[in-house]
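Note sheet for the following structure.
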Amino acid sequence: MVSRVVFGRGSFNQLDEILDTKRKGRNAPFIFYVDDVFKGNHWLTSRITLSYKDKIIYVPTKEEPRTDQIDQLVEDIILEYSELPSGIIGIGGGTVLDIAKAVSLMLTNKGESKDYQGWDLIKHPAIYHVGIPTISGTGAEVSRTTILTGPVRKLGINSDYTPFDQVILDPELTKDVPKDQWFYTGMDCFVHCVESLTGTYLNAFSESYGEKAYELCKEIFLEDTLSKEESQDKLMMASWHGGMSIAYSQVGVAHAMSYGLGYLLGIKHGVGNCIVFDHLEEYYPEGVAIFKQMKAKHNIQLPQGICANLEQDQFDTMIDVALSLEPLWENAIGKNWKTIITRQKLQELYKKM
C-alpha cells in the first residue's frame, strides 16, 4: 500500500516540506515529471521549488507511456547526474504517474523496462517516488502497476515495489480538466468498480473499497446534489477507492479489450474503456445500463467505427494483446475462461466498436 497520503484543498503547498526530509545531498536531485498541459501555468509551477540540481521535465501525454520512452528517460538521468536522484515526483494524470513509477523502478533494476512487463518480476525496491494526480479516476496514484506499451504487448509492471511512497491528493489541481476528459477518466474508475465487484477474485477487502467508489461514482455522475468542489473532492476519493479495490482483486473484460485498442490504435485508456464497456451488456448488464445513463446525462458522444476498416491481421494483433492478460479474464469469467472467450467472440465485439 501507499505508506503516506496527504489529502485536502491546497495540500499541494506542502510539497516542499515533504521533500525536504528526503533529500540525499546536493548531487542527488529531485526530478519532477509534469504533464505538459501545465507548461507556462504559473498557478501550479510556481509552487514547485527547485534547489541544487533539481529539474522539471514536461511530459507530452497525447500518447500513453512506452517502454522505450522509459528506458530513454532513465538513461538521461544516469548520464546527467553523478548520483541517483533523491526522488521522482509525478504531477499529472495516469500517464505521468505511470512514467514516474516506471522510472523510479528502472533506476534500481538493470536491463530494459520491457523485460519487467508482467507480475512480480521487479527484484529491487524503487527509489523514493511521489504521486500527485491532477485528474481523478485512473487509480494510478494508488495502484501496484505502471501500464506500458512495449514492443509486443501493452502490460503493466505489476509489483509490490511499484506503488508510490507518498501521494498528495489535492482536488484543486483538477479544476481545469475538460469535460470529456473528466467523464472518460471518471468512467475508468466506475469500470474498475464494476469489474472488481463482479469478479471471481473478489474478497471482503477489495469489496469494501469497490462498493464505496461505486456509490461515489453514481452520486457524482447521476445526481445533481453536489457543488463543483464537492464533486472534485468525491471523485478524487472515488479514484483512490476504485484503485484500492483492483489492487486487491483485478479488472476484467473492458480493460483487457481496451489494452488491445490502446496497443494497436493508440486509443487512450479512459476513452478506450468507455468504447469497450458500451458493448459489454453480456458480461456486466447492470453496470453497462448505469454507464449508458451517465453517458446520456452528460451528453457524451463516444468515437464510433474505430475498428471499421481494420484488416484481419490487425484484429489478430488486438486479440493477441487482450488474450495475453490472463488474470483479467480469469477474474471476469472464471478458471474455465479459455473455453468461453474465443478469438471469434473477441473479433465480433471489436467489430461493433
Side-chain angles (χ1 to χ4, degrees), residues 62-66 94-95 117-118 137-138 145 147-156 180-181 183-185 187-196 198-200 246 250-292 294-296 300-334 336-353:
K62 283 192 167 54
E63 291 184 358
E64 294 187 333
R66 305 181 317 276
T95 293
Q117 286 180 284
T138 68
T145 188
I147 311 292
L148 305 176
T149 300
V152 294
R153 61 172 66 87
K154 180 178 176 182
L155 183 60
D180 277 14
Q181 194 62 51
F183 183 84
Y184 297 147
T185 312
M187 288 303 100
D188 188 16
C189 175
F190 180 70
V191 172
H192 285 162
C193 300
V194 173
E195 292 181 319
S196 171
T198 58
T200 63
I246 54 164
Q250 192 48 270
V251 283
V253 180
H255 276 72
M257 297 193 72
S258 172
Y259 281 21
L261 293 179
Y263 179 79
L264 182 77
L265 303 174
I267 304 275
K268 294 281 289 270
H269 183 67
V271 66
N273 273 349
C274 290
I275 292 167
V276 176
F277 198 65
D278 210 30
H279 298 283
L280 298 184
E281 292 96 339
E282 184 180 343
Y283 304 101
Y284 309 110
E286 183 186 338
V288 173
I290 293 172
F291 168 74
K292 288 181 185 290
M294 294 172 172
K295 194 176 61 159
I300 299 295
Q301 306 296 321
L302 293 177
Q304 301 292 324
I306 58 169
C307 297
N309 300 313
L310 297 185
E311 303 290 338
Q312 186 57 48
D313 62 326
Q314 292 175 301
F315 279 113
D316 287 339
T317 297
M318 290 198 298
I319 291 165
D320 287 342
V321 170
L323 289 175
S324 72
L325 297 155
E326 296 198 3
L328 282 65
W329 292 107
E330 185 174 316
N331 178 54
I333 310 296
N336 64 336
W337 67 270
K338 289 182 181 178
T339 63
I340 297 165
I341 301 299
T342 63
R343 298 184 71 86
Q344 181 186 355
K345 179 68 182 171
L346 292 188
Q347 179 147 337
E348 286 168 7
L349 282 168
Y350 275 131
K351 281 186 170 177
K352 292 178 181 178
M353 297 171 196

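Starting from 1, each residue takes its place in the sequence as its number.
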Closer than 3.5 angstrom, by distance alone: can the side chain of [X] be matched with the main-chain N or O of [Y] as a donor-acceptor pair?
X    : Y    : result
T198 : V194 : yes
Y283 : I333 : no
S324 : V321 : yes
K292 : D278 : yes
E64  : T149 : no

### Query
Can you name the residues that form a side-chain hydrogen bond (donor to acceptor under 3.5 Å, both in side chains) with E63, not counting sequence neighbours?
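In terms of side-chain hydrogen bond (donor to acceptor under 3.5 Å, both in side chains), with neighbours along the sequence ignored, E63 is linked to R66.
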#### Entry: ring pair (Phe, Tyr, Trp, His ring centres under 6.0 Å) involving Y284 - partner list, sequence neighbours excluded
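In terms of ring pair (Phe, Tyr, Trp, His ring centres under 6.0 Å), with neighbours along the sequence ignored, Y284 is linked to F277.
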Report the distance from atom [atom1] of [X] to atom [atom2] of [Y], rounding to the nearest 0.5 Å.
X    : Y    : atom1 : atom2 : answer
I340 : W329 : CD1   : CH2   : 11.0 Å
I275 : S258 : CD1   : OG    : 8.0 Å
M257 : M353 : CE    : CE    : 4.0 Å
L325 : N331 : CG    : CG    : 12.0 Å
Q314 : I319 : CD    : CD1   : 11.5 Å
T185 : D180 : OG1   : CG    : 10.0 Å

Minimum side-chain heavy-atom gap [X]-[Y] below 4.5 Å:
X    : Y    : answer
L302 : Q304 : yes
H269 : I147 : no
Y184 : I300 : yes
M187 : K295 : no
L310 : M318 : yes

Which atom of [X] lies closest to which atom of [Y], heavy atoms considered:
X    : Y    : result
M294 : F183 : O-CE1, 3.7 Å
C307 : F315 : O-CZ, 3.6 Å
I306 : L265 : O-CD1, 3.9 Å
L346 : A322 : CD1-CB, 4.2 Å
A254 : V276 : CA-CG1, 3.8 Å
W337 : E326 : CZ2-CG, 3.7 Å

Could you check whether atom [atom1] of [X] has more than 12 heavy atoms from other residues, nucleotides or ligands sitting under 6.0 Å from it?
X    : atom1 : result
K338 : NZ    : no
N309 : CG    : no
E281 : CD    : yes
E311 : CD    : no

#### Entry: Within 45° cone and under 6.0 Å: K154 NZ/CZ vs Y263 ring
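Judged by the rule, K154 and Y263 form no cation-pi pair.
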With distance as the sole criterion, is a donor-acceptor pair present between the side chains of [X] and [Y] under 3.5 Å?
X    : Y    : value
D188 : T138 : no
Q250 : E330 : no
H255 : E195 : yes

### Query
Taking only residues two or more places apart in sequence, or in another chain, which ones meet D320 in a salt bridge (Lys or Arg N to Asp or Glu O under 4.0 Å)?
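For D320, the residues satisfying salt bridge (Lys or Arg N to Asp or Glu O under 4.0 Å) (neighbours in sequence not counted) are R343.
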